[in-house]
Amino acid sequence: MRCVIARFPFELTKNGVLESMKGIKPEPVTGASVAIGRRHYPVKQVGQVITRQDRRDFSAAEVVRALTQLGFTCRTAPAAAPGARVLSPLQHASAMLGTPLSV
């Protein structure tokens with residue numbers, strides 16, 4: 001299948017993506033992800049591997065669109081719960097140590 005990622009045309013196949021990702025360890029998923037085999041990869045990691053481009057050169061949406069057309073299952077980033085309080089890194093570290101930091 002021909003697709004355009006970061007203004008460059010690529011000829012991608014499902015088997016080609018599977019072969020490219022063989023032996024690649026998945027990074028922690030923080031945003032959109034794609035299921036390849038039994039593993040879940042961040043779409044930016046997959047995009048970097050299959051296009052050999054820097055992750056800053058393409059969007060996650062471009063890769064999600066291409067992988068979905070190839071038949072892969074993609075998931076978007078989980079939304080934060082409404083009204084959930086966002087902690088700063090210092091507050092999060094303090095809470096993990098059991099001593100909440102009052103700010």
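Counting from 1, the numbers follow the sequence of the chain as shown.
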How long is the gap from NE2 on H40 to CZ on R75, to the nearest 0.5 Å?
4.5 Å
About how many Å separate CG of L70 and CG of L12, when rounded to the nearest 0.5 Å?
6.0 Å
When rounded to the nearest 0.5 Å, the distance separating CZ of F58 from NZ of K44 is 5.5 Å
Would a distance-only check, ignoring hydrogens and angles, find a side-chain to backbone donor-acceptor pair under 3.5 Å from Q45 to V29?
no
Partner set under salt bridge (charged side-chain N to carboxylate O under 4.0 Å, His left out) for R55, not counting sequence neighbours
E27
Indicate the atoms forming the closest heavy-atom contact of S33 with V43, along with that distance.
C-CG1, 3.8 Å
In the structure I gave you, are the side-chain heavy atoms of F72 and V17 within less than 4.5 Å of one another anywhere?
yes
Could you give the distance from NZ (K14) to CD1 (I36), rounded to the nearest 0.5 Å?
9.5 Å
Check R39 against P26 and note the closest heavy-atom contact, atom names and distance.
NH1-CD, 3.6 Å
Quick one: does Y41's side chain get under 4.5 Å of I24's, heavy atoms only?
yes
Just how far is it from atom CG of D54 to atom CD of Q48, taken to the nearest 0.5 Å?
6.5 Å
Using a 3.5 Å distance criterion without hydrogens, assess whether the side chain of R65 forms a donor-acceptor pair with backbone atoms of C3.
no
Is there a path from V63 to V49 through hydrophobic residues (I, L, V, M, F, W, Y) whose side chains come within less than 4.5 Å of each other?
yes
Once rounded to the nearest 0.5 Å, what's the spacing between atom OG1 of T51 and atom CZ of F8?
9.5 Å
Heavy-atom closest contact (Q53 atom, I5 atom, distance):
OE1-O, 3.9 Å
